[in-house]
Chemist: 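Sharing a structure below in C-alpha cells format, with a few things to ask.
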Amino acid sequence: MAASPTQIADLTWYDFVERVKANPIVFLPIGSVEQHGPHLPLATDTLLPQALATAVAERVGGLVAPPVAYGYKSQPKSGGGNHFPGTLSLDANVLIGLVRNIVNELVRHGVRRIVLFDGHMENQWFLVEAADLALRDQAMLGRDDVKIIKLGYWEFITKATEQVLFPDGFPSWELEHAAVMETSVMLHVRPDLVRSALIPDGPAAAFPPYDVYPFDTGPIPDTGVLSSAAAASAQKGEVVLAQVVPDIAAALREAFGPE
Ligand SMILES: [Zn+2]
C-alpha cells in the first residue's frame, strides 16, 4: 500500500514540517469501540469519520491525524447501551483529557486549524469541553490564533439525501444506530467488513422521554440495532458521501476563511 498524502501517520517528520508550513486544516476523527449489531464491526464509528475526513481532506489539502478509536460510553437511545459485549468505552474525563492533549500537541507543532470530526454521538459534549479547555490552555500561553471546529458528519445530511436514505420516513439520527445510514456508508467504504446476510430488520426501538440508570434494557432491541437496516445499500452510501463530503469541505473553507 502506498503512503497516503493525507494521513499524518504515513508522513515522515520532514514531510510533516513541510506540510504544516501551508497551514493545513487538520482532521482528528473521533469514534468508539461499540456494538453495531450483528452485521457491522465494533470500529464502525471510527472507520466512518476516518473515511469521510480523508475524503474531505483530499478536497481541502488537509491532513488526517491518527483517530481517537475509543469514545464515551454508549447510551441506550443512541448506541444500544454500554452493557453490550465488545463495547469498550472511556470515562468522560479520559476522553476530554485525551482530545485536549492531542489538540495541544498539534498546536505545539504549528497546526492552527483543527477539526474534531465526530463519528459517535455520545462524544459530542466532551469534544466541546476538550476544545474549550485546549483553547484556554492556548490563551494562557498568549496564543489566540487557533481555531477548532467540532462536527458530526450526519448533521450535514440534507433533506434531499434523507429522502434517498429513508423514502418511507426518517426515524431520527439517534435511532439510526447501525441502521440504514451507517450500514449504507459502510457498504460503500468498507463492504469487506459488512456481514450482509445478517442485516437486521427489526422495528424501531421506543424509549420513554427519560433515562434510567442502571440501564433499563427492556426497550433495547436484542440485536443492538435501534431501527431497521434492511433498506441499506452501497448505492445509498455513495449518495451520502457524494453530498456530504463537498458540503463539509465548503463549510470548512467558509468557517476557517482564507489561509
Ligand atoms: Zn455508529
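In this chain, residues are counted from 1 in sequence order. Read the numbers this way: they start at 1 and go in the same order the structure lists the ligands and their atoms.
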Chemist: For the side chain of Gln35 and the backbone of Gly224, is there at least one donor-acceptor N/O pair under 3.5 Å apart?
Modeler: yes
Chemist: Cluster partners of Phe207, using ILVMFWY side-chain heavy atoms under 4.5 angstrom, listed by chain and number?
Modeler: Phe84, Leu175, Ile220, Leu226
Chemist: Counting backbone and side chain alike, does Glu34 bring an N/O/S atom below 2.8 Å of the Zn ion (ligand 1)?
Modeler: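 Here the distance criterion (N, O or S atom, under 2.8 Å) is not met by Glu34, so no.
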Chemist: Relative to the Zn ion (ligand 1), which of the N, O or S atoms in Asp45 is the closest?
Modeler: OD1
Chemist: Determine which of the N, O or S atoms in Glu182 is closest to the Zn ion (ligand 1) and give its atom name.
Modeler: OE2
Chemist: Please list, one pair per line, the donor and acceptor atoms closer than 3.5 Å that link side chains of residues 231-241 to other protein atoms, with sequence neighbours excluded.
Modeler:
residue, atom, partner, partner atom, Å
Ser233, OG, Lys236, N, 3.1
Lys236, NZ, Leu165, O, 3.0
Lys236, NZ, Ala231, O, 2.9

Chemist: Taking Arg100 first and then Asp132, would you say they form a salt bridge - that is, a charged N and a carboxylate O separated by under 4.0 Å?
Modeler: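 No, no charged N to carboxylate O under 4.0 Å.
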Chemist: Would you check if the Zn ion (ligand 1) lies under 2.8 Å from any N, O or S atom of His36?
Modeler: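 Under 2.8 Å: His36 contacts the Zn ion (ligand 1) through an N, O or S atom.
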